[in-house]
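So the structure is just underneath, and the comments pick up after that.
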Amino acid sequence: MTHRTADEPLYALATRDLRAKIANGTWKPGEATRTLWAEASREPADATAASAMGVAKARTMDELFDMHCHLGFFPDVVTAARDLDAAGVGALCATVTPGEYERVAAELAGAPNVRVGVGLHPWWVADGTCGEADVERAASLAATCRYVAEVGLDYARGRDATRDAQLRALDRMLAACGDGGHTLSVHAVHAASDVLDALEQHDTVACGNVAVLHWFSGTSPELTHAIRLGCRFSVGPRMLSTRRGREYARQIPPERLLLETDLPASPGQGATIEPGELARELRQALDALCELHGPEVAHAIAAASRQLLEL
């Protein structure tokens with residue numbers, strides 16, 4: 001048990017407790033832990049935080065939802081999630097390795113606005129950071145976790161040399177989701193055909209999962225294939241900044257659209273941007289989608305996101 005220092009907020013003490021458990025191997029996913037969010041709600045850091053918490057409780061249908069972000073890349077994931085909550089933002093936090101998932105899931109246990117996904121990012125598979133043991137650990141976690149994010153394939157910048165290893169990892173993750181009931185955020189860069197083939201071979205959508213293609217950048221026929229397969233699509237300002245991205249967003253049925261930021265893009269960026277930037281990007285993307293599909297799409301996106309995040 002760690003001890004509280006002078007003037008240390010209770011949520012910070014709880015965070016240190018959880019980090020210590022992870023470090024010494026005594027924390028297990030799903031076990032009862034100190035609820036950081038209960039501690040934080042009893043002891044806001046300052047008057048501004050207290051006021052923000054009041055605003056968060058008075059949310060409206062104008063909520064924003066980030067269905068693909070990387071809160072684990074912020075230096076303080078708990079503060080980042082609390083700031084998003086104060087701004088009325090719900091989120092699916094994607095992770096890139098099973099180890100990151102275990103750390104972030106522990107720190108955000110009980111967070112009212114964030115769900116954390118088990119991740120096995122293709123970049124980390126391609127560069128050897130995640131080996132066979134990590135693939136097996138990620139698959140074991142995914143089998144019992146509602147959210148699986150981020151998984152997929154990436155053949156850009158020479159990563160096609162590791163195609164077989166990436167396919168084996170994705171195959172293992174999709175097999176772990178074979179019982180249905182999971183929401184997956186899927187990465188597909190220069191690899192959309194292989195990703196869609198894998199989803200189809202595993203009946204990923206047909207067996208009751210939700211497959212969300214994150215920042216889709218495939219060909220027009222691949223987009224048609226993905227829509228026919230029943231996939232959903234999370235889009236952000238960067239996708240919508242290109243002519244092709246906007247045209248794809250126009251072709252996607254409104255009920256299949258979700259928002260994303262994919263931020264922070266790296267741990268380095270997490271140290272230089274504020275969580276408020278995510279809310280601004282979500283609003284920018286939503287405004288663009290409203291221009292393409294009409295203002296009613298905002299309600300459809302919010303309702304679908306709330307359902308997927310169980311908020």
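This structure is a prediction, so every number in the text was calculated from the model and none was measured.
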Next on the checklist: Could you check whether any side-chain heavy atom of Val125 comes within less than 4.5 Å of a side-chain heavy atom of Arg168, counting everything from C-beta outward?
Outcome noted: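 Result no, sub-4.5 Å side-chain heavy-atom pair not found.
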Item to check | Minimum side-chain heavy-atom gap Arg283-Leu286 below 4.5 Å | outcome: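 Yes, at least one pair of side-chain atoms sits under 4.5 Å.
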Checklist entry - Once the angle between the rings of Phe233 and Phe216 is folded into 0 to 90°, is it parallel (under 30°), tilted (30 to 60°) or perpendicular (over 60°)? => result perpendicular
Next on the checklist: My understanding is that only one of Leu257, Leu292, Leu289 makes a side chain to side chain contact (heavy atoms under 4.5 Å, CB included) with Ile252; could you say which?
Outcome noted: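 The single option meeting the side chain to side chain contact (heavy atoms under 4.5 Å, CB included) with Ile252 is Leu257.
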Let me check something: do [X] and [Y] share a hydrophobic cluster, defined by ILVMFWY side-chain heavy atoms less than 4.5 Å apart, either directly or through other members?
{"X": "Leu258", "Y": "Val205", "value": "no"}
{"X": "Tyr155", "Y": "Leu213", "value": "yes"}
{"X": "Leu153", "Y": "Val96", "value": "no"}
{"X": "Leu170", "Y": "Val189", "value": "no"}

Checklist entry - Should Asp154 and His121 be marked as a side chain to side chain donor-acceptor pair (under 3.5 Å) after you check the CA-CA gap, both sets of side-chain angles, and the distance that decides it? => result CA-CA 9 Å; Asp154 192 317; His121 196 293; over 6 Å; no
Next on the checklist: Around atom CD of Gln269, are there more than 12 heavy atoms from other residues, nucleotides or ligands closer than 6.0 Å?
Outcome noted: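 Yes - once you tally the heavy atoms of other residues, nucleotides and ligands closer than 6.0 Å, there are more than 12.
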Item to check | Residues forming a salt bridge (charged side-chain N to carboxylate O under 4.0 Å, His left out) with Glu291, sequence neighbours excluded | outcome: none
Next on the checklist: Going by salt bridge (charged side-chain N to carboxylate O under 4.0 Å, His left out), name the residues that satisfy it together with Glu136, two or more places apart in sequence or in a different chain.
Outcome noted: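 Partners of Glu136 by the salt bridge (charged side-chain N to carboxylate O under 4.0 Å, His left out) criterion, ordered by chain and then number, come out as Arg172.
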Item to check | NZ/NE/NH1/NH2 to OD/OE distance under 4.0 Å, Arg159 and Asp127 | outcome: no
Next on the checklist: What I want to find out is whether Glu277 reaches Arg280 closely enough, with some N-O distance under 4.0 Å, to be called a salt bridge.
Outcome noted: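 So Glu277 pairs with Arg280 through a salt bridge.
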Checklist outcome for this item: Sequence neighbours excluded, the answer for ring-ring contact (aromatic ring centres under 6.0 Å, His included) partners of Phe73 is His70
